[in-house]
Amino acid sequence: MTIEFRDLHKSFGAQHVLRGLTMTIERGEVFFIIGTSGVGKSVTIKHLVGLLQPDSGEILVDGKPVHGLAEREYYPLRKRLGMVFQHSTLFDSLTVLDNVALPLRKHQRMRMSAAREAAKERLAVVQMERYADRWPAELSSGMRKRVAIARTLTLEPQYVLFDEPTTGLDPVSARRVDEMIKRLQTLDVTSVVVSHDLTSIFTIADRIAFIYQGQAHIIGTPEQLRAADDPIVQQFISGRSDGPMETPGF
Amino acid sequence: MSRTRDIRSADSPPAPPASAPDPQRVALLLRPPLLVGAAALGGARVARGIASLFAGTLLRAINRQSERGAVAEQMFNIGNRSLFFVAVTLGFIALVSVFQVCLQLNRVTGDLSKVGLELIKLMVHESAPSLTAMMLATRVGAGIAAEIGSMVVTEQVDALRMSGVDPVSYLILPRFLACLLMTPVLAVFAFGVALGSGTAMAYVAFGVNPSIFVDFSAVTAADVGIGVVKCFCFGAAIPVVSGYCGLTTFGGSEGVGAATTRAVINASLAVLALDLLLTVAGFMLFPPSAA
Ligand SMILES: Nc1ncnc2c1ncn2[C@@H]1O[C@H](COP(=O)(O)OP(=O)(O)OP(=O)(O)O)[C@@H](O)[C@H]1O
Ligand SMILES: [Mg+2]
C-alpha cells in the first residue's frame, strides 16, 4: 500500500517542470510536499489520478502502474484516491449539498435522496451543514475549501491528496483541518498534503518532501528537515527572501 | 548579438557564389507550404477530434447515459436563448426578401401570384432550417463553448472526472439531445414567423391577397423531408462542434473567449458545409423534374 514516483519527467511546452522526481509514500503516512510556488507540486499529485500524464517515468499505486491508462480505467482508482483541489473547484451549477452528493451518486451509484442524506452528514463534519442549499458562488473561499474537503471525503478514500487544504482558512479552521487529517490517519488513510503552512508542516507531517528544480531535493521527518544543513531548505523554512534558492521568474 | 546577425543577413544581397542555395532563402520559400501543411494538420486533428466526440456522444446516447432532467433544462435554455433572436432574424429576412422579390418581379412581369408559392417552397427545404441553424450556431454554440470552456479552465471538468463523472455524458450529451430536439421545433417556429411577416409585407406593400400568397401546392414531401433531415443534422452538429471547442479550451479567461469565437466560426461553417452537402444529396435523390 504505497505510492511510488520513479524518475518522473513532465514538460509543458519548453518548460521542464518535473525533472526526474523520485519518491515513495508509505501506507498510513501524512506525507507533505512542499516547495516554492510553481515548482510543480500540484502537477505532481495530478499525475496520481490520471489528470496529467508523465512524459517519462513511472507512477505506482499499490505496486500497479497508474500512468498511461485509458480514462475509463482511472474511475475505480479515483474512488480510492480522492483529491481536494487547490482552488476548491466546486461545481458552480450545483448547490453545496449536490456538490458533495455527486461523487456518491456517480462513483457509488447511490440514489439522489440517499446521497443527499450522506452528504448532509459529511457537511456537518466540516461545520457547513447550514449552507447546504447555498450556491458555491455565495460562499467565501474558506467555506468553499471546507465543502471541497467534505466532497472528497464522502467516498471514504484510502488515499487523500490535499492541495493546500489550509490556504485561505483562518487559523482555527486551519488547525481543525490538521486535526481532521490526523484523525483520518487513525482510520488508516494515507494523506498526501501539498502545503505552504509551516504550522501544519511541523505539527502533523510524518515525512516531508521538499521539491526543488523538479526533483525531491530532500525527504525526511520534520526534525530532519529542521536540522538539515542544506542552505536552500533552511532558506525555505525560515522564509528568507535572500539566499541561494533560485525562483525562476520572480 | 543574434539580432544584429539576423538584420545583416536579411539586408545583404545573397552570397555571390550561386551554386550553394542560401539556407535562409530556402527556409523563407518553404514557409508558405509549411504553414499550409501545419494548418491542414491542425484542421485534420480538429476534424478527428470532433468526429470522435460525435461518435462518443452517440454511443452514450444509445446507452442512455444522461442525467434525468438535464435534457429538459438544456432544451429550455436553448429555447429561451434563441426564440426571440430567431423570430426577429427570420421575420426581418422574410420581410426584406418578399419586398425585394416583388419589386424585381413588378419590373419584369408584374405577376406576383407565384411569389408566395416559390418562397414557401424555398423556405421549407432551405431557408427555415439553415437560417435557424445559423442563428443557433452563434447563439447556442457560443453559450455551450463559454460554459464548458470556463469549466475547463477553472478545473471543474477535472473535478468532475475525480467525482466519477464522465464529462461527455454530463456536459455534451444533454446539450446534444436538447439541440437535436429543439432545432426542428425552432425551425418550424421560424417558418411560421417568416410566413406571417412575408404575407404581411406582400399584402401591405404590393396588395397581394394572403389567400394567393399562402400557397403550399408547390411543397412536396421531398421538400419537407429534406428540411427535416437538415434540421436534425444541424441540430446534431452545433452542440458537438461547439462542445469540442469548449472542451479543448486552455489558458484562463482569454482562452474561454478564444474558444467561444472558435465555436461560433466552426459551428457556422459546419452548418454551411452540411447545408451544401444535404442540398446536393437532396437534389440527386429527388431531381426536380421528377417532382
Ligand atoms: N496545464 C498546464 N499547462 C501548462 N503549464 C502548466 C499546466 N499546469 C501547470 N503548468 C506549469 O507547471 C508549473 C508548476 O505548476 P504547479 O501548479 O504544479 O505549481 P505549484 O507547485 O502547485 O505552485 P503553487 O504553490 O503556486 O500552487 C507552473 O510553472 C505552471 O505554469
Ligand atoms: Mg499548486
Side-chain angles (χ1 to χ4, degrees), chain A residues 12-13 42-43 45-52 70-94 98-112 115 119 136-137 144 147-148 150-155 157 159-161 163, chain B residues 49 52-53 55-57 59-60 63-74 76-78 80-81 143-175 178 243 246-253 255-256:
Chain A
F12 294 102
S42 303
V43 166
I45 58 173
K46 280 183 190 166
H47 277 89
L48 278 175
V49 283
L51 295 179
L52 288 175
E71 175 74 8
R72 191 165 26 86
E73 297 174 271
Y74 282 107
Y75 283 85
L77 183 73
R78 291 173 187 154
K79 254 197 261 191
R80 297 193 293 130
L81 249 141
M83 175 151 146
V84 181
F85 284 78
Q86 181 164 4
H87 305 288
S88 304
T89 318
L90 302 181
F91 309 121
D92 48 23
S93 57
L94 299 179
D98 286 344
N99 258 280
V100 180
L102 189 66
L104 291 172
R105 287 174 42 223
K106 293 298 173 172
H107 270 313
Q108 300 191 341
R109 310 208 167 274
M110 265 195 199
R111 303 183 70 75
M112 188 67 132
R144 279 204 286 271
V147 176
R151 182 177 68 187
T152 304
L153 297 183
T154 40
L155 293 171
Y159 297 93
V160 189
L161 314 174
D163 201 343
Chain B
S52 88
L53 181 60
T57 310
L59 206 71
R60 288 165 177 87
N63 294 336
R64 297 167 175 270
Q65 287 176 3
S66 184
E67 285 269 306
R68 208 181 301 149
V71 178
E73 190 188 323
Q74 291 301 329
F76 176 77
N77 267 348
I78 291 173
N80 204 21
R81 259 185 206 149
I144 290 177
E147 278 167 19
I148 297 182
S150 64
M151 288 188 73
V152 169
V153 299
T154 56
E155 295 188 325
Q156 283 183 63
V157 172
D158 282 348
L160 281 178
R161 290 160 69 192
M162 284 306 294
S163 302
V165 181
D166 168 35
V168 177
S169 344
Y170 193 78
L171 297 174
I172 307 287
L173 185 54
R175 288 170 172 81
L247 284 177
T248 50
T249 305
F250 59 94
S253 30
V256 178

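Just so it is clear, the structure is predicted and the values come from calculations on it, not from any experiment. Below, chain A is the first sequence line, B the second, and so on; all start at residue 1.
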Side chain / backbone / both / neither for A:Lys79 at chain B, heavy atoms under 4.5 Å |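 Neither the backbone nor the side chain of A:Lys79 comes within 4.5 Å of chain B.
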Hey, what do you get for CG (B:Asp158) to CZ (A:Phe85), rounding to the nearest 0.5 Å?
->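 So the CG of B:Asp158 and the CZ of A:Phe85 are separated by 5.0 Å.
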Could you state the interatomic distance from OG (A:Ser93) to CE (B:Met151), rounded to the nearest 0.5 Å?
-> 5.5 Å
Is there a side-chain contact between A:Leu51 and B:Met162, using heavy atoms and a 4.5 Å cut-off?
-> yes
Is there side-chain contact between A:Asp92 and B:Thr154, with heavy atoms separated by less than 4.5 Å?
->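 Not in contact.
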Against chain B, label A:Leu81 side chain, backbone, both or neither, depending on which of its atoms sit under 4.5 Å from a heavy atom there.
->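 Only the backbone of A:Leu81 comes within 4.5 Å of chain B.
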Side-chain donor/acceptor of B:Glu155 to backbone N/O of A:His87, under 3.5 Å |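 The answer is no, because no donor-acceptor pair under 3.5 Å joins these two groups.
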Part of A:Leu77 lying under 4.5 Å from any heavy atom of chain B =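 The answer is neither part of A:Leu77.
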Kindly check if the number of other-residue, nucleotide or ligand heavy atoms within 6.0 Å of CZ (B:Phe76) is above 12?
->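 No, CZ of B:Phe76 has 12 or fewer neighbouring heavy atoms, counting only those of other groups under 6.0 Å.
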Region of A:Glu71 that comes under 4.5 Å of a non-hydrogen atom in chain B =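 Only the side chain of A:Glu71 comes within 4.5 Å of chain B.
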Minimum-distance pair of heavy atoms, taken over all atoms of A:Gly50 and B:Arg161 =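 That would be O-NH2, 3.4 Å.
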Check whether A:Arg72 gets within reach of chain B through its side chain, its backbone, both or neither, counting any heavy atom under 4.5 Å.
-> neither
How close do B:Ala159 and A:Arg151 get, heavy atom to heavy atom, and via which atoms?
-> CB-NH2, 3.8 Å
For A:Leu94 and B:Tyr170, work out which heavy atoms get closest and say how close.
-> CD1-OH, 3.7 Å
Report the option among A:Leu104, A:Thr152, A:Leu90 that has the most heavy-atom pairs separated by less than 4.5 Å from atoms of chain B.
->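 Result: the option with the highest number of such pairs is A:Leu90.
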May I ask you to decide if B:Val165's main-chain N or O and A:Tyr75's side chain share a donor-acceptor pair within less than 3.5 Å?
->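 Checking the backbone N and O of B:Val165 against the side chain of A:Tyr75, a donor-acceptor pair under 3.5 Å is found.
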